[in-house]
Amino acid sequence: MPPPDDEEEWADVEADPIVRPYALTGGRTRHDGGGLDLIALIETADGPPPGRFQGGPEHHTILRLCRSPLSVAEVAAELDLPVDVVRVLLGDLADQRLVIVRQPEPVARFPSASVLEQVIDGLHAL
């Protein structure tokens with residue numbers, strides 16, 4: 001069946017441009033610097049970005065969004081991109097020291113439930 005003469009029949013005018021996630025990451029599925037937790041906080045670093053950084057529009061959007069700290073999950077939601085794609089993009093920015101990543105504290109560093117109960121009991125006694 002030959003293609004229609006009118007190209008508009010094949011285009012969805014209302015749809016956004018389609019860019020495959022692997023195109024945004026250069027085919028990478030992970031960042032070499034390690035994983036970023038979903039609740040890790042991302043904040044744009046102080047100072048102007050170095051002139052040598054040639055990030056894509058998504059990188060620049062992340063820098064704008066993260067002027068106030070956002071979690072990895074929030075950045076992914078704002079960009080409407082899969083979390084793994086956003087992790088790669090954030091890794092690129094972290095490598096260039098354009099963002100500060102604050103990983104969540106390990107659960108093992110938090111006080112145990114019994115210590116918290118004792119603190120609550122002590123506060124109630126006041």
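Only this structure's heavy atoms are used, side chains among them; waters, hydrogens and symmetry mates stay out.
If you take CG on L89 and CG on D84, they are separated by 11.0 Å, rounding to the nearest 0.5 Å. The CG atom of D121 sits 11.0 Å away from atom CG of L126, with the distance rounded to the nearest 0.5 Å. Taken to the nearest 0.5 Å, the CG atom of L65 stands 11.5 Å off from the CD atom of E58.
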Before giving the answer on side chain to side chain contact (heavy atoms under 4.5 Å, CB included), spell out for I62 and L98 the whole-Å C-alpha distance, their side-chain angles and the decisive distance to 0.1 Å.
CA-CA 10 Å; I62 290 171; L98 296 174; over 6 Å; no
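Residues V83 and I39 are members of separate hydrophobic clusters, defined by side-chain heavy-atom contacts under 4.5 angstrom among Ile, Leu, Val, Met, Phe, Trp and Tyr.
When every heavy atom of P104 is checked against every heavy atom of A40, the shortest pair comes out as CD-CA, 3.9 Å. Minimum heavy-atom separation, H60 to G55: NE2-O, 3.3 Å. Closest of all the heavy-atom pairs between D37 and R87 is C-NH2, 4.2 Å. Annotation for E43 and R67: closest pair OE2-O, 4.0 Å, computed over non-hydrogen atoms.
The side-chain heavy atoms of V75 and L79, taken from C-beta on, include a pair separated by under 4.5 Å.
The main-chain N or O of V99 is never found under 3.5 Å from a side-chain atom of T44 such that the two would form a donor-acceptor pair. Side-chain atoms of H59 come within 3.5 Å of backbone N or O of G56 as a donor-acceptor pair.
A side-chain donor from one of E74 and S71 sits under 3.5 Å from a side-chain acceptor of the other.
Among L41, L36, V72, L93, the single residue meeting the side-chain contact (heavy atoms from CB on, under 4.5 Å) criterion with V101 is L36.
The environment of CG in D80 is sparse: at most 12 heavy-atom neighbours from other residues, nucleotides or ligands sit within 6.0 Å.
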